[in-house]
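A, B, ... follow the sequence lines: proteins, then strands. Residue 1 opens every chain.
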Amino acid sequence: MIEEKDIIIVDEPDLSTTEKLYLPQVVQGLRTTFKHLFKKNITVQYPEVKREQRVENYRGVHRLNRDEKDRVACVACFMCQTACPANCIHIVAGESPWEDREKYPVQFDLDELRCIYCGMCEEACPVDAIELTPEYDIVGRSREEMVFDKEKLLAVFERTKDVKPRKNPRITGYAGTGDREQSSGNTEGEG
Amino acid sequence: MLELLKDQFTFSVILALVIVGILNGAVAYCIYFERKISAWLQDRVGPNRVGPLGLLQPLADGGKFVLKEDIIPANVDKPLFLFAPFMALVLGFIGFAILPWGGSVDLDGDGVVDVIAQVADPGIGILYLLGIGGLAVYGVVLGGWANNNKYAYFAAMRATAQMLSYEIPMGLCILIVVLTAGQIRLEEIVLAQVGNGNIWNICLHPVAFIILLTTVFAETNRTPFDLAEAEQELIGGYHTEYGALKFGMFFLGEYAHMITGSGMVIVLFLGGWHLPWIPGLQPEDVSIGAMLLKMSVFGAKIAVFLFFFMWVRWTLPRFRFDQLMRLSWKGLMPISLALMCYTSVLVYAGKATSLAWCLGGELGVVFIVLAINAMRTAPITGRQRNMPAITVHKPAGAP
């Protein structure tokens, strides 16, 4: 409740003589807008011209990184799926065909329409496999199309790896190669 | 063929067809330029996707209007609902009929004037334009009424009140010109301005010109007087319930009305098709080439006016309704009335075309009106001093 004494009523200022005539003010306004007629316009012709990337860590569409052996870096640990506040990640894990890890994602679906682009999956990932890219203009003709599967997310990586290099491509070992220390902080709160 | 054209009626019909054809296109492109100019004034680009420079945009818009579903809401007054857009469009267009596009024409070059390049030249002249202008509000009023929508109804009420208020100073300003020229037919008014040593009426009566311009803005429902379509208060105003082609017709009607209005101001104050000292644009040039030249000069003047209309629209905010009323009844009307009286005295004294007498009188009249205004407790513009006093409260810790 606003108290009566807290209300400030600001008096409308009296107009000066020229202002009362309207016309000088009208002419002034017309002059201002006329100047803008010759100014360079500030429109960016969007699909043809794009603005330069201004924010380094822009959180756009996700990608699934590949490791240096061109395998999907994800180890299907479900950390991102657990961390996701929007419940947009769905992983189906399978036994890994490779020696250095136990699991790999057979299926990795990410609903880009449901996602709130908070970046918590990126933070939760112990192997930096999921990352948000600066890419923002993703389109689709249906809701189903906007659920990105593994191939699509890997394709995003192929598109964006030059623009945004993978954060720490060395972290690949899951069976004690020594690099584990760097991401150990992410496991807090799991218990 | 030529013999047939020498008949004024045949010539008028052909001229009418040509002019309506051209103006239909012009009106469509008015919408394109409205959008372009608004964009340029706001440092934007404007429509540029449809065709080169977006020039096919009006066609696309028109196609859209035609193809959209034509909805007639359930509770509207159906005959009036259907009639109102026609009213708006037709009354916007028939004003063109008496605009003097190109003076007298000698078609076969035998030195005898055959026809005048004007669709109709009724004896009532300018009164016809006034009548059409007064009727034009019916498009808005009927539209607002038939809608069965309270916001549209408000818009119609506003438009009516506004039209009533602004017709009066408009009529008085037109009377000033009619008194000066001693003529009521538009072509004669142009010739009177040429005959007066190439001094157009704007030089004689600049204040009347400004007042007439203001009232034309009000008559055509353009910003800053577009209270009938104040979308912040009234949704869409009088055309809230209209869609598809019916909305398009209101839209076109507004621009057609703008062209008629600017044509009227040009004829009355800016010499119509005339430009001083340029051969081919004088009353004695009656060849077909001169007629076309005169028509293009007239068209160019209208184009400048249309630009001005749009320029003002994207510069000035809308008046509040009480301000609008005050401006007309307390501001424009006394000034134009005083000017009219002064002009009639000048006409009686035989000084109606004297530059010094006219300008001096105009300035004197404006000065007197302003002085009276300054003494009043309720001035025309600004805060009304007869409003209750405001107590200023401040919170305890406020600076």
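- In this structure, Asn41(A) and Arg44(B) approach most closely via the heavy-atom pair CB-O, 3.5 Å.
- No side-chain heavy atom of Trp311(B) sits under 4.5 Å from any side-chain heavy atom of Leu37(A).
- Distance check: Leu316(B) CG to Gln25(A) CD gives 10.5 Å after rounding to the nearest 0.5 Å.
- More than 12 heavy atoms of other residues, nucleotides or ligands lie within 6.0 Å of CG in Leu23(A), so this atom counts as buried by the packing criterion.
- To the nearest 0.5 angstrom, Lys35(A) atom NZ is 12.5 Å from Asp43(B) atom CG.
- Side-chain atoms of Gln45(A) and Asn48(B), non-hydrogen and from C-beta on, do get closer than 4.5 Å to each other.
- Using a 4.5 Å cut-off between heavy atoms, Leu41(B) touches chain A through backbone and side chain atoms alike.
- Using a 4.5 Å cut-off between non-hydrogen atoms, no part of residues 138-153 of chain A approaches chain B.
- Among Leu30(A), Thr43(A), Val26(A), the residue with the largest count of heavy-atom pairs under 4.5 Å with chain B is Leu30(A).
- Using a 4.5 Å cut-off between heavy atoms, Phe38(A) makes no contact with chain B at all.
- Atoms CE and OG1, on Met310(B) and Thr33(A) in that order, are 14.0 Å from each other to the nearest 0.5 Å.
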